[in-house]
2 protein chains.
Amino acid sequence: MQKRYFSLPCSHPPNGPPEPYYQPAMTAAGNHQASRSTGRRLERAGIRDVAAAAGVSITTVSDALNGKGRLPDTTRRHVREVANRLGYRPSAAARTLRTGRSGLIGLTVTTYGEEPFTFTEFAYFAEMARSATSAALARGYALVILPASSHHDVWSNVALDGTVVIDPSDHDPVVTDLVRQGIPVVSDGRPTGNLPVHAWVDNDHEDAMRRILDHLTDAGARRIGLLTGTSTDTYTRLSTAAYLDWCERVGQEPVYESYPAHDPCAGAVAADRLLARPDRPDAVYGLFDPNGTDLLAAARRYGLRVPEDLLLVCCSERAAYATTEPPISTLSLKPGRIGTAVVQLLIDAIEGIGAGQPVQQVMPTDLIVRASSQRRQPRTTVSSPRPPSGG
Amino acid sequence: MQKRYFSLPCSHPPNGPPEPYYQPAMTAAGNHQASRSTGRRLERAGIRDVAAAAGVSITTVSDALNGKGRLPDTTRRHVREVANRLGYRPSAAARTLRTGRSGLIGLTVTTYGEEPFTFTEFAYFAEMARSATSAALARGYALVILPASSHHDVWSNVALDGTVVIDPSDHDPVVTDLVRQGIPVVSDGRPTGNLPVHAWVDNDHEDAMRRILDHLTDAGARRIGLLTGTSTDTYTRLSTAAYLDWCERVGQEPVYESYPAHDPCAGAVAADRLLARPDRPDAVYGLFDPNGTDLLAAARRYGLRVPEDLLLVCCSERAAYATTEPPISTLSLKPGRIGTAVVQLLIDAIEGIGAGQPVQQVMPTDLIVRASSQRRQPRTTVSSPRPPSGG
DNA sequence: GCAGTGAGAAGTAACGTTTCTGCATGAGTG
DNA sequence: CACTCATGCAGAAACGTTACTTCTCACTGC
């Protein structure tokens, strides 16, 4: 026991708080150590040491600490006290090897460049990761952050009970490999292609689109434009399809511009293009996080007032949109709820709850209405609606 | 191989993409399985199966795959091919148990409430975590997110090679326990008390404070106020001390208000208090992330123009401060660099590089000067400096 | 012809748990 | 009184690696 303290920069005395049942217990560990030829570094007390010190078998120690077996409370308490006194910590590796459970969940984010996180979806990811961590912890699991397209080494070096994948790409090799190994995978976002995930959680993007378009119409919009992406992920696809669908239903000619969503500059250019069109929309919804500022800047360049001349909504989790001039209405995907749901489904799959049935869970979104999409503002004089410039 | 697919909600045919070298290889695993009495779930190929299939011993397999031992390239290649064909993945748990290395690093964030992340430092934490993850991955380690004051269970359930602690509190029980187990701990932020971390990384807060105060003076400030915290963490302590020191040196009466930094509302109140004082400062530095908006709002309430009547700087990583009206100068702690440095030090300690000497590393900060702290603005007419209202 | 050498590979003991099985003992039954 | 049966515990076999030691040749130099 003292030896352990010698090598540590620890200033308090080697004798801990007074404990009952004190015996020269570490001698057992000492003998044990002496019997082993390999001199390892800092010797931690193992289950054997506890068993020897408590005068029972290792079976009894294991059972006592794990609440299993048929043991009277006296034995259980005694073993626990001894374990405590020796500072015994079970080896996670040994337990994992034996039980096949590591208590570890992978959190995988798709990477666009070298860095493991995408910046475009950062606020979303941050909140999602936060809630996922919370949810996992609450059920006794910890999250390991892993990049989707990493060196394979890292992936195979960590024992995962399951993995959460955010926006998996088509035929993601990592996901396929994990599933092939029998490791449950749950994705945030509908998997494209036929990626064999066990479950997924996604927002109801079609419903969200309809609600936004209706909201803009209610606010007086006559021609609603869309800023969308060229990529083929489900979010973009579903949203754009819902927009086109809505246009057809209400009889509006679609007015949209698409750009590669992962290119931060392209958004501003596309926003400009959209407002430069002869059939300029009097309301725009931007599918991606930076579109709010992009559109606001473009509107300024064209001398358009928001919301008087142009109504604006964008999909984002950024708190900053509450304090822009004017504040911009946003659609929140509620990443916190998603993160929680994904983790719950994954752990259910890991623990065999729900019979391993694949599950799809569609989550609602939140439309946060701010000044940018309201013609009638509470604290302002009512401005008469302006006729749209092109129709 | 087919059996594995049966239990999966996988819609594509059981035969994957065409693979070279296909043989009924799983029979090896099958026999292996048959020889064992316990019928476990999905059988993964183990090193034994590879050895049997390749017609060599498990030692040879291990050596071939790990690049060790004395093996001719032919054997090595052969073993690798067989391993590949069987889809062999070494068991991380077994490796960890045997080698004592898990390749896992804990990332611990102090929690104020129930949630594992602090919101106040969120932009800082996000960037720090991102870069720490990158740095760890680059050296073959993965990060596990763990809350500082969590159920002890989670901590002892994961085999950690080391831990990064962000802003450890006084005598943190988790840190003390980890160190007692001989697990290297490196902290972001100087440890308070005599917490026995192996190394720490921190910004040069005194230097930062001096630079900011000098900058504000250069911009015309006559009386510089400080918005600071009541807590006793080193950041607050060092910064406040440096401020007082500077005041004494230049002969200015200190003008500061402190508030509990973890209370989001208190900041706005304290900002108000600061500007309501009879000896109102004509420049303010806010130590915490939200202080920029707090102070801007307070200035508006008092009819003070920024930067004409009040110069403003605050310590934050928020990108949003670049687009406020006016844009606010910020001090960036460069969390990316910190995250990288912390991880490097930790992995050095884990791998025994640097002889286990405790290391302290002080990192520079970045002052990002924006309109809020410049009386002379590039694109504006020069406004004559106003006399400070109180002195 | 024979010890010496070194390559190539096999044998086997750990690593620290959990869990299955088994062995006593004593109390309750017909 | 033989019997079941529950209780309290111990023994030992995994779990899947890695690493240390040993073995077998074939080839060298003397």
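Within every chain, numbering begins at 1; the chains are lettered A, B, ... in the order of the sequence lines, protein sequences first and strands thereafter.
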Distance from B:H78 atom NE2 to B:E81 atom CD, nearest 0.5 Å?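 Atom-to-atom, B:H78:NE2 and B:E81:CD are 7.0 Å apart.
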Reported OG1-to-CD1 distance for the pair A:T163 and A:I350, which is rounded to 0.5 angstrom: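 Nearest 0.5 Å value for the OG1-CD1 distance: 8.0 Å.
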Whole-Å gap separating [atom2] ([N]) and [atom1] ([X]):
{"X": "A:L86", "N": "C:dG16", "atom1": "CG", "atom2": "P", "value": "15 Å"}
{"X": "A:I47", "N": "D:dG11", "atom1": "CD1", "atom2": "P", "value": "14 Å"}
{"X": "A:R98", "N": "D:dT17", "atom1": "CZ", "atom2": "C1'", "value": "15 Å"}
{"X": "B:L71", "N": "C:dA10", "atom1": "CG", "atom2": "C1'", "value": "11 Å"}
{"X": "A:H78", "N": "D:dC9", "atom1": "NE2", "atom2": "C1'", "value": "15 Å"}
{"X": "A:R95", "N": "D:dG16", "atom1": "CZ", "atom2": "P", "value": "18 Å"}
{"X": "B:L65", "N": "D:dG16", "atom1": "CG", "atom2": "P", "value": "16 Å"}
{"X": "B:D63", "N": "C:dG8", "atom1": "CG", "atom2": "P", "value": "12 Å"}

Checking side-chain contact (heavy atoms from CB on, under 4.5 Å) against B:I145, which of A:L137, A:L107, A:I145 comes through?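 Of the listed options, the one satisfying the test is A:I145.
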Taking B:S102 for its side chain and B:A159 for its backbone only, find out whether a donor-acceptor pair lies under 3.5 Å.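 Checked: pair present.
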[N] phosphate, OP1 or OP2: any side-chain N/O from [X] under 4.0 angstrom?
{"X": "A:K68", "N": "C:dT18", "result": "no"}
{"X": "A:S91", "N": "C:dG16", "result": "no"}
{"X": "A:S57", "N": "D:dG11", "result": "no"}
{"X": "A:T99", "N": "C:dT18", "result": "no"}

Are any of the side-chain nitrogens in A:D348 or A:R139 under 4.0 Å away from the carboxylate oxygens of its partner?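 Looking at A:R139 together with A:D348, the answer is yes, because their closest N to O distance falls below 4.0 Å.
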No-hydrogen, no-angle side-chain donor-acceptor test under 3.5 Å, B:T60 and B:S57: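 There is such a pair (donor and acceptor under 3.5 Å, judged by atom type) between the side chains of B:T60 and B:S57.
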Both B:I58 and A:A94 contact DNA chain C. Taking the nearest nucleotide for each, which residue is further toward the 5' end?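 Per heavy-atom nearest nucleotide, the more 5' residue is B:I58.
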Want to settle it: does B:L97 or B:T60 sit nearer the 5' end of DNA chain C, counting the closest nucleotide to each?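 Nearer the 5' end of the strand: B:T60.
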Proximity to the side chain of A:P72 - top-ranked nucleotide from D:dT18, C:dG16, D:dG8: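 Minimum distance to the A:P72 side chain belongs to D:dG8.
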Would you classify B:T96 as touching base, sugar-phosphate or nothing, given that sugar-phosphate means primed atoms plus P, OP1 and OP2, and contacts are heavy atoms under 4.0 Å?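 Nothing: the residue B:T96, judged by heavy atoms under 4.0 Å, touches no strand.
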So what does B:N66 hit on the nucleic acid, given a heavy-atom distance under 4.0 Å: a base, only sugar-phosphate, or nothing?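 The residue B:N66 makes sugar-phosphate contact but no base contact.
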Quick one: which protein N/O atoms are closer than 3.5 Å to N/O atoms of nucleotides 21-24 of chain D? Pair and distance per line, please.
none

Between A:D63 and A:R70, does the salt bridge (Lys or Arg N to Asp or Glu O under 4.0 Å) criterion hold? Intermediate values first, please. CA-CA 8 Å; A:D63 284 349; A:R70 302 175 297 212; over 6 Å; no
